[in-house]
> 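First the structure, which I've put down as structure tokens, then a few questions once you've had a look.
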Amino acid sequence: METSDVSGTVIDRSGHRVSRRSIPENVLKVLYRLHRSGYRAYLCGGSVRDLLMGRTPKDFDVVTDAHPSDVRRLFRNSRIIGRRFRLVHIIFQDQVVEVATFRREPERVAVAEDEVEEILITDDNTFGSPIQDAKRRDFTINALFYNIADFSVIDYVGGIDDLSEGRVRIIGDPGVRFREDPVRMMRAIEFASRLGFEIEKETYDAILVHRAEILKASPPRVSEEILELLRRGWSRGAIRLMVDTGLIEPLLPEIYGAIRGEQASYFWKMLEVLDRTVQSGRRISDAVLMSVLMLPWVIEEIEREEERKQTRMRTGEVIIFIRDLVLPLCARMALASGTRHQIEQALETLWRLLEPPTDRRSQFRAVYREPFNDALSLLELYALSSGRYVDVFRQWQAFAQRVKRAQEEAGEPTTRRRRRRRR
Ligand code: ATP
Ligand code: MG
């Protein structure tokens, strides 16, 4: 049954598929204790969306009208966190449940800068009502609440319809919402590719208009979004949408230049293989993920350089060339220096691996180094998608297995130590 008034559309328990059995015990405990203490207690955000779709949520976030200090008082095992907006973490043995207090859209600060109005959010710390809390969220499908008091789902923004129609729709005026936080453009693309949804037309058109403003977002946040696409196995659709909407062009012009043409058709296949690989549960390092993204560009630049010089570069030269090439991009993306170093090493080592293995002692030792594993994963992805160097990849793979087996049989004490360090 559905009822609808100013308090939103309420879908009672018989009208939706969210079952308490899919909600972890600790989360239920938190919801119930808040409720029994006289507060509103809702599940919110991605968890309600995923439960309604029959998917397993990544995390379960709770919102309430209790203030952080009230929540803190109710749960001994809790602490208040966050400077920008105060949240409470309730700590269980194997899980942390995050509890936020309803908040509203912060005041928009409009300042004229070169006659362009800026409306970036600067302060986020204002408590609000449930409806205000729903409306300050990004997409309608992310703004649904599950009310523990009567097991109903509350919809203030039309999220239920968009969910059943498979639509990502931004809440409010798309232009305003994208300008106040340009990362939402990336999130729209992420949710569309991850859930197999389409981006609703006005939302999509606003991305086309505002795409260049992605450069105003903080680079670490943007890079983290890009890494998440790659880490969680929906990169192919998402990068495709980033190309189609033109969002990738201002952000990563060099990569855009290299992947839009025919010559990089293997790139899309490579993302497909990568998505399948991570979805199967295999862990791929951030360095490999970023290297996959950079590979077509790196290959193209090396080829261009060789053409210019009319000679093939020696391995040593390639290595210096790669370092000079990727450094500015990594800096612009504000990648951690450790990741940057690993990307350089993975790409450099990849070029070394293009020569098949021999039984040289140095190669024997190289198999135990982190860059070798990264480069081998990279070579695997490249070989499987381009059809090039497949033999070389198989030889290195067999070589690495042989070396490891021999080492294990000999009971080399160093193996264990090295393994631990790698973790
Ligand atoms: P995931 O399953 O990947 O965790 P999620 O929907 O839970 O997806 P989070 O990034 O964990 O996404 O954010 C939690 C919720 O916070 C979102 O569902 C959304 O309601 C809100 N939110 C997150 N980022 C923004 C943003 N940039 N602007 C407005 N609301 C946001
Ligand atoms: Mg989440």
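As the structure lists them, so they are numbered: ligands from 1, and atoms in each ligand from 1. What you are looking at is a predicted structure, and each value in this text was computed from that prediction instead of being measured. Below, each value reflects all heavy atoms present in this structure, side chains not excepted, and no hydrogens, waters or symmetry copies.
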> Quick check: does any side chain N or O of T349 sit under 3.5 Å from a backbone N or O of A375, one acting as donor and the other as acceptor?
no
> Which ligand 1 atoms does G45 reach within 4.0 Å, using its non-hydrogen atoms?
18 (O)
> Which option wins on minimum heavy-atom distance to atom 22 (N) of ligand 1: R137, R232, R187?
R187
> Counting only heavy atoms closer than 4.0 Å, does ligand 1 sit against the backbone of F60, its side chain, both, or neither?
neither
> Identify the protein heavy atom lying closest to atom 14 (C) of ligand 1, giving its residue, its atom name and the separation to 0.1 Å.
D61 OD2, 4.1 Å
> Could you check whether R20 makes a cation-pi contact with F151, meaning its NZ or CZ is under 6.0 Å from the centre of the six-membered ring and within 45° of the ring axis?
yes
> Is the number of heavy atoms from other residues, nucleotides or ligands under 6.0 Å of R332 CZ greater than 12?
yes
> With carbon and hydrogen excluded and only N/O/S kept, which atom of D59 is nearest the Mg ion (ligand 2)?
OD1
> Could you tell me whether any N, O or S atom belonging to D61 is less than 2.8 Å from the Mg ion (ligand 2)?
no
> When you measure from the heavy atoms of D59 to every atom of ligand 1, does any distance fall below 4.0 Å?
yes
> Can you tell if the side chain of R340 reaches within under 4.5 Å of the side chain of V326, non-hydrogen atoms only?
no
> Polar-atom distance check: R49 versus ligand 1, any N or O pair below 3.5 Å?
yes
> Considering only heavy atoms of G46, which atoms of ligand 1 have at least one such atom less than 4.0 Å away?
5 (P), 6 (O), 7 (O), 18 (O)
> Backbone N or O of L74 within a donor-acceptor pair of the R33 side chain at under 3.5 Å?
yes
> Identify whether the distance between the nearest side-chain nitrogen and carboxylate oxygen of D391 and R394 falls below 4.0 Å.
no
> Tell me which protein heavy atom sits closest to atom 28 (N) of ligand 1, plus the residue, atom name and distance to 0.1 Å.
R184 NE, 2.8 Å
> Is R211 reaching over with its side chain to a backbone N or O of G246, donor-acceptor style, under 3.5 angstrom?
yes
> Can you list the ligand 1 atoms lying under 4.0 Å from a non-hydrogen atom of R136?
29 (C), 30 (N)
> Is it true that W297 and Y256 have ring centroids separated by less than 6.0 Å?
no
> Within 45° of the six-membered ring axis of Y32 and under 6.0 Å from that ring's centre, is NZ or CZ of R36 located there?
yes
> Which one of N142, D181, D138 has a non-hydrogen atom at the shortest distance from atom 31 (C) of ligand 1?
D138
> Should F139 be listed as contacting ligand 1, given a heavy-atom distance under 4.0 Å as the test?
no
> Using a distance-only test with no angle check, is there a side-chain donor-acceptor pair under 3.5 angstrom linking R137 and N142?
no
> Would you mind telling me if ligand 1 is within reach of the side chain of R194, the backbone, both or neither, using heavy atoms under 4.0 Å?
side chain
> Counting only heavy atoms closer than 4.0 Å, does ligand 1 sit against the backbone of R221, its side chain, both, or neither?
side chain
